[in-house]
Amino acid sequence: MTDLPELETDPDAVADRRDEVADAIRDHASGLARALARVQGGDYGRRAFTTDAGEWTLKYEAGDVEFLLFEPRSGEPVYVVSTKQPPEPDALALAAADYAAFVRAFDRWVDSLAGALDDTPTDYPEPADTSDIVAERERVISRIREVCTTMVGELDRYEGDDYGTFTARVNGSRWELKRDGAQVSYLRVGGSDGVYLLSQYGPPSVPDLKELAPDVAAFVAAYNEHVTELTEAAEELEV
């Protein structure tokens with residue numbers, strides 16, 4: 001049997017050293033990522049930093065490092081930190097040699113922000129009070145709900161179904177009153193993308209209410225006309 005040459009370098013030792021360096025950089029870069037996230041705000045973000053040897057991009061997610069990319073001025077980019085496999089030992093060695101310069105570039109960026117907000121004014125005018133507007137809106141909506149509750153109660157008694165709608169056109173817009181039994185489900189103006197004057201989700205805006213509230217009377221009149229037609233039809237029934 002032919003004698004095979006012995007390996008002069010232990011691959012496991014190379015891999016272990018690679019992992020040791022990569023883990024050290026990851027631990028350190030995690031601190032940079034947390035600092036970057038605090039300064040930039042938000043859970044996600046990135047920033048690039050330039051050194052004499054190339055450009056580093058630090059990306060963070062949920063306040064921790066997602067990846068650290070080194071793009072040398074000559075050679076292939078290397079993900080020094082990533083969620084995938086660790087870099088090749090020679091690529092990591094190239095990046096590790098410039099890592100201290102990257103940290104200095106990071107520090108210079110942080111230093112450049114020192115005092116940036118010193119002259120920013122924080123003396124703001126007092127926000128205007130909206131309680132009167134809200135109270136007036138609630139007064140109008142309460143009256144609309146009162147009238148519509150009466151209408152759906154009558155419709156529930158007449159139609160006898162658990163659910164139903166009454167629709168009418170007022171000034172060119174489609175008004176729809178939907179009931180759930182004898183309760184108002186919603187009052188909507190303008191179709192599926194329209195304005196909800198009454199709903200379970202919240203009140204309309206004051207400008208919408210100001211525009212549409214005057215037409216509520218015409219909508220009720222259309223309902224009354226509908227009931228009148230039903231009454232006349234009932235009077236013509238013969239047994």
Side-chain angles (χ1 to χ4, degrees), residues 1-128 130 192-193 195-196 199-205:
M1 183 176 180
T2 303
D3 292 336
L4 300 177
E6 295 290 335
L7 291 174
E8 296 181 1
T9 303
D10 182 4
D12 290 338
V14 173
D16 289 344
R17 179 56 180 162
R18 186 270 315 278
D19 293 344
E20 180 182 349
V21 173
D23 289 345
I25 292 178
R26 172 183 282 278
D27 289 344
H28 190 272
S30 293
L32 297 181
R34 287 190 293 272
L36 181 61
R38 289 195 63 193
V39 173
Q40 294 198 153
D43 292 332
Y44 309 92
R46 68 168 69 195
R47 189 168 184 87
F49 301 88
T50 301
T51 66
D52 292 340
E55 183 174 271
W56 293 77
T57 300
L58 177 61
K59 186 175 189 298
Y60 61 89
E61 178 177 344
D64 197 6
V65 58
E66 183 176 1
F67 71 70
L68 178 62
L69 172 65
F70 175 54
E71 298 175 277
R73 298 193 182 279
S74 61
E76 295 296 320
V78 52
Y79 281 91
V80 184
V81 177
S82 75
T83 57
K84 300 179 181 179
Q85 65 186 36
E88 295 289 337
D90 55 348
L92 178 60
L94 177 66
D98 194 55
Y99 184 76
F102 157 61
V103 176
R104 288 193 294 271
F106 184 95
D107 288 341
R108 285 195 299 272
W109 173 72
V110 174
D111 289 342
S112 72
L113 299 176
L117 299 175
D118 287 352
D119 297 328
T120 302
T122 56
D123 185 14
Y124 310 129
E126 287 295 322
T130 63
S192 59
D193 295 327
V195 175
Y196 286 83
S199 77
Q200 59 180 322
Y201 302 109
S205 69

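Please read these numbers as outputs of a predicted model, since none were measured by experiment.
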| task | Walk me through it: do Tyr196 and Tyr201 pass the test side chain to side chain contact (heavy atoms under 4.5 Å, CB included)? | result | CA-CA 9 Å; Tyr196 286 83; Tyr201 302 109; 5.9 Å; no

| said: Let me confirm one number: the CG-CD1 distance from Leu32 to Ile25, rounded to the nearest 0.5 Å. | reply: 11.0 Å

| said: Check the orientation of Trp56 and Phe102. Use parallel for under 30°, tilted for 30 to 60°, and perpendicular for over 60°. | reply: parallel

| field | Heavy-atom closest contact (Phe106 atom, Leu58 atom, distance) | value | CE1-CD2, 4.3 Å

| task | Show your reasoning for whether side chain to side chain contact (heavy atoms under 4.5 Å, CB included) applies to Glu55 and Thr50. | result | CA-CA 4 Å; Glu55 183 174 271; Thr50 301; 3.9 Å; yes

| task | To the nearest 0.5 angstrom, please state how far the OH atom of Tyr60 sits from the CD atom of Gln40. | result | 4.0 Å

| Hey, what do you get for CG (Asp19) to CZ (Arg26), rounding to the nearest 0.5 Å? | 11.5 Å

| task | Enter the distance from His28:NE2 to Tyr99:OH here, rounded to the nearest 0.5 Å. | result | 5.0 Å

Please report, to 0.1 Å, the donor-acceptor pairs under 3.5 Å made by any side chain of residues 62-87, with sequence neighbours excluded.
from	atom 1	to	atom 2	distance (Å)
Asp64	OD1	Ser30	OG	3.2
Glu66	OE1	Lys59	NZ	2.6
Arg73	NE	Asp52	O	2.6
Arg73	NH2	Thr51	O	2.9
Ser82	OG	Lys84	N	3.1

| said: Working to the nearest 0.5 angstrom, can you tell me the gap between Leu92 CG and Arg18 CZ? | reply: 8.0 Å

| message | Less than 4.5 Å apart, side chain to side chain, heavy atoms only: is that true for Arg47 and Thr57? | response | no

